[in-house]
Amino acid sequence: MNPITRRPASCPFRRGDECVEGKATCDLVGRLLQGTAHNGAEVDLRICSACCRHPLFDGPRLNPVVASLAYRAANGHAIGHQPDTRQRVVNHQLRQFAFRWLASADDTVPPRGSPLAECKNDGYMGRTHASRHAELEEEQPAIRIGLVGRNSKFGLGHQNRDIAVHLNVDRWLVPHFSGCGDLEPHGMKCRIDLVSTEPSLSELVDWLSGIDVVIFVESPIVRELTSRARQMGVGVVCVPNWEWLHAGMEWLEDVDLMLCPTRYTGQLLSDWKTKFQFTWAVEVVPWPIDTGSFDFRQRTVCRKFVFVNGSGGAIAASGETSSVVMQRKGLEVLVEAARRVPHIPVIVYAQSKDIGSTPPNVQCRPAPKHNIELYHHGDVCIQPSHWEGLGLPLLECQASGMPLITTDLPPMNEHQPLAAIPAEVEAVFLDSELCIPAARIDSEALADVLHSVHGRDITDASLESRKFIEREHDWPTAKPRILDCIFRHAGAAR
């Protein structure tokens, strides 16, 4: 931001000059609070004059005066009132966004394409795990894509592997840390750069050289990845898992395209774009899976349910210092519901450390080597998730012909469930910086849903589940759309 001269009397957000003692309110703060009963922040002429020494709102950046007013207003509203879940999350996001700009001494951001200091290659590419195949069976896309992300056994790893294969990426930078359960990539046609330490600046620049776009799921994971890509003219694409974002994250400014895997994520980030003036493009492409890898089996009658816990997902607390917790996948509430319907069998795939005492109708099994085997047995998949970024099992089960039951809140209920579990919404904390809405599920209500579906004819539902995935979530269908979005918003100008 560059200094400009403004006058309090001409500020479009100053309201109520007729108030006693020259007091007024800042309507911009009220808008950032999204029109709650707390209409704005009280200001006097001294505060407005200080604000006028800075630009008012330049892109996703607040001047320090407005940031201070917004932070105080959001914090005071949270403490002095009893906000509902939505407002509690809104307040927290505004505090996180404003906090970043409270003491903004340097209002400048390097422009795209600005020159970098000359960097010497100090051997980063010498740690390459596997070389690129000389010939690729499939035609490369019009732009060269670099992927950054872990190769874990769980959801993120599956998403990254699919991106590497189906988008024909040029290279994949894989942070690989011992003890994290990550896999070593095998059978990939792209170049794999496996690293166990944070790349240096020169190593990062060397890796970014020669690609047009860098893509990652959830977060950049490598420091300075997005800022260096921006300076080098490399497009930045994020596939966001909404629950791990807050509006004050510095790297968000560097993103060209938010490629949203659910409608819920797309709406959330579109709202942020408007409210905080981010410049990214928002595109929603329902996230695809490799449908051909899942063997379809026609189910006819619901006799047995299947639940996939995976790693259990993140743990959230009901308050910043609360000891009341919930784990994302909902294992505990499912087990309690199963106790209420002892005649209904449930297969639970979970790690032994996550399973406590279970009733006789719950059969606990370890996760198989391949996720396609999760859906070989059973008839209906039950996933009472408290929240999901995407929720791959909610899609994979349907590709296998297994109808889905899940929580009646987004994004879970976007996945065409056979039945939905009633839930209340509450604000929970993944950590002190991340406050999100989550589902509070009553075990009795879940038991009622299990009872209502058990014994039903699901012949048509089984076939429709597979058709839904082929129509909405299949890579051959989604790939052209994804590449078109990447090219238009992140690659066309490179």
Between [atom1] on residue [X] and [atom2] on residue [Y], distance to nearest 0.5 Å:
X: His54; Y: Leu62; atom1: NE2; atom2: CG; result: 12.0 Å
X: Asn371; Y: Leu392; atom1: CG; atom2: CG; result: 8.0 Å
X: Thr291; Y: Leu395; atom1: OG1; atom2: CG; result: 9.0 Å
X: Ile163; Y: Ile482; atom1: CD1; atom2: CD1; result: 7.5 Å
X: Ser385; Y: Lys329; atom1: OG; atom2: NZ; result: 5.0 Å
X: Glu250; Y: Glu224; atom1: CD; atom2: CD; result: 10.5 Å

query: Above 12 or not: heavy atoms from other molecules or residues under 6.0 Å from CD of Glu332?
result: no
Looking at [X] and [Y], would you say the former's side chain and the latter's main chain have a donor-acceptor pair under 3.5 Å?
X: Glu388; Y: Met412; value: no
X: Arg466; Y: Ala399; value: yes
X: Asp256; Y: Val237; value: no
X: Arg171; Y: Asp193; value: no
X: Glu426; Y: Arg440; value: no
X: Ser209; Y: Val205; value: yes
X: Ser152; Y: Gly157; value: yes
X: Asp212; Y: Arg144; value: yes

Flag the pair [X] / [Y] as yes when at least one side-chain heavy-atom distance between them is below 4.5 Å, and no otherwise.
X: Leu374; Y: Met402; value: no
X: Arg31; Y: Asp27; value: yes
X: Ser400; Y: Phe296; value: no
X: Phe97; Y: Leu32; value: no
X: Thr226; Y: Arg230; value: no
X: Arg191; Y: Trp172; value: no
X: His473; Y: Gln416; value: no
X: Tyr349; Y: Pro368; value: yes

message: Before you tell me yes or no, could you show the steps for Ile145 and Leu483 under side chain to side chain contact (heavy atoms under 4.5 Å, CB included), namely the whole-Å CA-CA distance, both residues' side-chain angles and the distance that decides it to 0.1 Å?
response: CA-CA 10 Å; Ile145 299 173; Leu483 288 176; 4.0 Å; yes
message: If only side-chain N and O atoms count, and only distance matters, is there a donor-acceptor pair under 3.5 Å linking His415 with Gln398?
response: no
task: For the residue pair Arg150 and Asn160, confirm or rule out a side-chain donor-acceptor distance under 3.5 Å.
output: no
Presence of salt bridge, [Y] and [X], under 4.0 angstrom:
X: Arg481; Y: Glu283; value: no
X: Arg365; Y: Glu373; value: no
X: Asp295; Y: Arg297; value: no

For [X] and [Y], work out which heavy atoms get closest and say how close.
X: Arg223; Y: Leu204; answer: O-CD2, 3.8 Å
X: Leu245; Y: Leu434; answer: O-CD2, 3.5 Å
X: Ser293; Y: Ile372; answer: O-CG2, 3.2 Å
X: Asn63; Y: Pro55; answer: ND2-O, 2.9 Å
X: Ser318; Y: Val428; answer: CA-CG1, 4.3 Å
X: Val425; Y: Pro437; answer: CG1-CB, 3.8 Å

message: Show every ring pair (Phe, Tyr, Trp, His ring centres under 6.0 Å) that has at least one partner inside residues 385-412, sequence neighbours left out.
response: none
statement: side chain to side chain contact (heavy atoms under 4.5 Å, CB included) test vs Ile421 passes for just one of Val333, Asp408, Ile405, namely Ile405
query: Parallel under 30°, tilted from 30 to 60°, perpendicular over 60°: which one fits the rings of Phe278 and Trp280?
result: parallel
- prompt: Under 30°, 30 to 60°, or over 60°: which ring-plane class applies to His92 and Phe429, parallel, tilted or perpendicular?
  reply: perpendicular
message: side chain to side chain contact (heavy atoms under 4.5 Å, CB included), that's the test. Do Val217 and Asn241 meet it? Break it down for me.
response: CA-CA 7 Å; Val217 179; Asn241 286 337; 4.0 Å; yes
field: Check against side chain to side chain contact (heavy atoms under 4.5 Å, CB included), Met188 and Arg161
entry: CA-CA 9 Å; Met188 296 290 174; Arg161 287 188 291 275; 3.9 Å; yes
message: Evaluate Thr262 against Leu390 for side chain to side chain contact (heavy atoms under 4.5 Å, CB included), listing each step before the verdict.
response: CA-CA 7 Å; Thr262 67; Leu390 173 61; 4.1 Å; yes
